[in-house]
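Here's the structure we're looking at; comments come further down.
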Amino acid sequence: MVLDSHQQYEKLPKCVTPTHYDLYLKPDLQSCTFEGKVVVSLMVSSPTNQVKFHSIDLELSDVELRSGDDKLCTGLSTCDYNESITLDVPSGLQVGSYTLSLKFKGLLDDNFRGFYQAKYTSCDGEERVCAITQFEASKAHRCFPCWDEPSFKATFDITVCCAKDRVALSNMPISSEVIELDHKLVRFARSPIMSTYLVAVVVGEFDYIEQSTPKGVKVRVYTPLKKQEQGQFALDAAVKVLPYFEDFFKILYPLPKMDLIAVPSLSFGAMENWGLITYRETCLLVDPKVSSAKRIQYIALIVAHEIAHQWFGNLVTMEWWDHLWLNEGYATFMEFLSVAKLFPDYNIWNQFITLVYSPAMKMDALKTSHPVEVPVKHPLHVDEIFDDISYNKGASLIRMLHGYIGDDDFERGMNMYLNKFQYKNASTNDLWKVLEEASQKPISSIMPNWTKLSGYPVIFVEREQVGNKCKLLLKQYKFCASGNESDSKFENWIIPMEYRTEKTQGNSTGRFELASKEDVLFINGLNKNDWVKLNPGQYGFYRVHYSPDMLENLMPAISNLSLPPIDRLGLLDDLFALVQGGYSTSDKILDLLLSMSKEDSCMVWSTMSSVLMRLKKLVEYADDSILSHYMAFGRKLLHEIRQNISWDPKPNESHEDKLLRSSILDLLGEFEDETVITEAEKRLKAHLDGSLEVLPDLRGVVYAIGVKNANQDLYKSVIDMYHAASLQEEKERILYALAAMKDQVLISQLLNFALSKHVRKETSLDVLSAISQTRTGREQVWNYTQHHWKNIFEGYAGSFALPHFISGVFSHAASDNMATDLEEFSKNHKVLGMERTIDQAIEKIRVNVGWLERDTQLIASFLKTHV
């Protein structure tokens, strides 16, 4: 289907609404088909002669519309654009109750949407299939005819007929199970009122472990057979997180059970179906002997994220996909809030900037970004907005708002919001009104521009000394990745701002609001050389462009580490963005990096690593001599920290120590430190021959560095290790490491292997993205993609994976030819549902091209002087 820009998607009329579904599903895992029946109880609120609902790719039969026992005559028509069915009722429908019953048949395909199949290898080595639902966004009607919009909430009675040796799960607990020959009929208890995208069914082979919360909710983690122990960490996390949210929201989890299940294939990392949360195996399963600290931390976050959705999204649901951020932004913020409380060793708020805030700012600086409240013209476009704006900008704005109104008012506001809209739908404006009432602050005035406009402000700040006062001259502009192209007509933000000074004691800050495009701030008791840091803690969603003298005042506090880590990170992140956009120059960021050579914070090094690698990807498009000098620069910068980094763990190491070790060793490998390469190759060889077991936290580093110069024999040995691995995390780690190989012949073999039956479909495109992180790899992946586009598009169309892949391949390209190539490609090939993603990719490439043209000589000159 091709979307016609002149056609308007029509939401279903509200005059006919479902109140209850009686749904029967019978999947056949041998033929990969399913059949079923649904009986929908309807309420007609105003007279009409039509009943409209959604259905696509289903064979419908026995369609009956009844008023009591009377069958009404109907005619049936379809609309492919709306993926809808219309029943014409010549006699008309009056206000009252009706029932609609239909039988249907469909295919269990492998496209991660609707009711689909996922293949796995059983304990005895056989390939088998399980059936899984993935209904977000608007894909339930690929499984059964329904009113597939978030605002149409109803209750559900679900019955599943499956082989008697399979496990059948749904949102609610089993109410009865009847064996009939080789099949069983599994009936589930009635669900609470909920949207169709939250309905879930899984049929397959699973084991489980369980615990109960203090309030009696039964929590289970379902795993592949004989892997129950790998679900223990997630189970322990879930039974901590669930009570935490009950206490925080002051609303009990309304279902009697919560299942977390690791399924063989899933487009997303996880899906928050009410009472039956589905996860990729890599997002739920932990093997202490194989899983890294970074992976375990990630699983804690994603478990918390999906449980937060049980309130934000499930109990209270956005009224339409325009407000997707209410689900995803809040769940992302709440995952950090809960993990910070329940897993304090992670120091997770210190990582929020690098994991959430900074990625959001990078995307939102593009002209092709979109507002947090994004107009969704067709549900097919929803997958494109499961991105850094809906998740990460949304979470960053909530964090800013949380800091502005304070803990108590925020918690009270959340309770008011959830109570007011529970089992209903809400909009962003509904949230602002409730938080304004709770805090008695002008939320409805401050926040709309942050969510209704794309982009964010950059504050230009200059300083004058007036006696013992510091006078700051503040001007706000819209920040643009391609430079300061905005003019005085832009609509300014009301910015809750904070500052900290060299004379400030402890963590106390000054606060003010910048409500106009220009303003002046006076700070008492500062000398000329005392530093001032705006946006301490990086709570505000804006960047700061300091005058040269202000930045110079901050440099000693950066070098001697007296400025808090999060503020050192913030200064680096802001300056780097300003450099990329042409507001500043690349020699300034290189100079700042050199001043940070004594840095010891894992969090700050994470951002330094990102900056260093981003610059490396850029200079790959410059002269070879510049790249050579840049590699030497990287080794010079890393010299100090490498003295404190060992290959083997030290006693009483912290979580952050483990993260720092792998980050620094990985960087040393990227900058071709010969000692590190030799050690990694030695450890990989020993790991392969069984004389050494590389620690989980270092496996990714050792594998990636160790295979960089691989020959055919080493490649085969590592592929054999991949086949022998039983944990999906380890399999993916091996594949991503192989993506670092330099030999183009071996990369060609890996490209074919990635899209073979040996690699799970959900992982294949991620491997291609990993290969594309170098210039030569990117060109090879792009050529391969063009030749195989038909198969790739048909295999992944309509899933989150394809836009994510396109974004990953082109983010770091700096070739105008590649931008033109992608532009032409998109005109001549099917790219349905990826239009925005492709526009963003083209813009990113051209931003990089402009940056390279501006700063190549500056970079070359700086490197010659300082290396």
Original post:
Residues in ring pair (Phe, Tyr, Trp, His ring centres under 6.0 Å) with Tyr98, at least two apart?
Top reply: none
Minimum heavy-atom distance [X]-[Y], with the two atoms named:
X	Y	value
Ser369	Arg836	O-NH1, 4.0 Å
Thr317	Lys153	OG1-NZ, 2.9 Å
Leu65	Leu42	CD1-CD1, 4.1 Å

Would you please classify the geometry between the [Y] ring and the [X] ring as parallel, tilted or perpendicular, with 30° and 60° separating the classes?
X	Y	result
Phe104	Phe144	tilted
Phe112	Tyr116	perpendicular
Phe249	Trp311	tilted

Original post:
Using 4.0 Å as the upper bound for N to carboxylate O, is an ion pair formed by Asp259 and Lys257?
Top reply: yes
**OP:** Give a yes or no on whether a salt bridge exists between Glu762 and Arg280, defined as a side-chain N under 4.0 angstrom from a carboxylate O.
**Re:** yes
Counting C-beta onward and ignoring hydrogens, is there a side-chain heavy-atom pair between [X] and [Y] closer than 4.5 Å?
X	Y	result
Leu29	Arg166	yes
Met334	Phe245	yes
Thr428	Asp430	no

**OP:** I would like to know whether Thr451 and Glu373 meet side-chain hydrogen bond (donor to acceptor under 3.5 Å, both in side chains); could you show each step before the answer?
**Re:** CA-CA 5 Å; Thr451 57; Glu373 293 183 72; 2.7 Å; yes
Can you confirm whether the side chains of [X] and [Y] place a donor and an acceptor under 3.5 Å from each other?
X	Y	value
Thr368	Glu843	yes
Asp766	Thr763	no
Gln50	Asp88	yes
Asp387	His804	no
Asp157	His20	yes
Lys37	Ser101	no
Glu272	His305	no
Asn111	Lys761	yes

**OP:** Go through Tyr222 and Tyr279 one step at a time and tell me if the ring-ring contact (aromatic ring centres under 6.0 Å, His included) criterion holds.
**Re:** CA-CA 10 Å; Tyr222 283 84; Tyr279 291 83; over 10 Å; no
**OP:** Check salt bridge (Lys or Arg N to Asp or Glu O under 4.0 Å) between Glu306 and all other residues, then give those that pass, not counting sequence neighbours.
**Re:** none
**OP:** Could I get the full list of salt bridge (Lys or Arg N to Asp or Glu O under 4.0 Å) partners for Arg128, not counting sequence neighbours?
**Re:** Asp124, Glu126, Glu205
**OP:** Under the side chain to side chain contact (heavy atoms under 4.5 Å, CB included) rule, what do Leu108 and Phe115 come out as? Steps first, then yes or no, please.
**Re:** CA-CA 6 Å; Leu108 291 170; Phe115 202 16; 3.7 Å; yes
Nearest 0.5 angstrom please: [X] [atom1] to [Y] [atom2], how far?
X	Y	atom1	atom2	value
Lys71	Glu64	NZ	CD	4.5 Å
Asn791	Thr785	CG	OG1	12.0 Å
Phe34	Leu58	CZ	CG	5.0 Å

Original post:
Is the number of heavy atoms from other residues, nucleotides or ligands within 6.0 Å of NZ (Lys184) greater than 12?
Top reply: yes
Original post:
With a cut-off of 6.0 Å (strictly less than), are more than 12 heavy atoms of other residues, nucleotides or ligands near NZ of Lys14?
Top reply: yes
Original post:
Do Phe135 and Tyr197 have ring centroids that are under 6.0 Å from one another?
Top reply: no
Original post:
Distance under 6.0 Å and angle within 45° of the ring axis: does Lys393 meet both against Trp325?
Top reply: no
**OP:** Please step through side-chain hydrogen bond (donor to acceptor under 3.5 Å, both in side chains) for the pair His54 and Asp148, ending with a clear verdict.
**Re:** CA-CA 6 Å; His54 292 113; Asp148 205 6; 5.5 Å; no
Subject >> Worked verdict on Trp321 versus Ser138 for side-chain hydrogen bond (donor to acceptor under 3.5 Å, both in side chains) >> reply: CA-CA 10 Å; Trp321 300 107; Ser138 298; 3.1 Å; yes
**OP:** Please answer whether the main-chain N or O of Leu102 pairs with a side-chain N or O of Asp62 as donor and acceptor at a distance below 3.5 Å.
**Re:** no
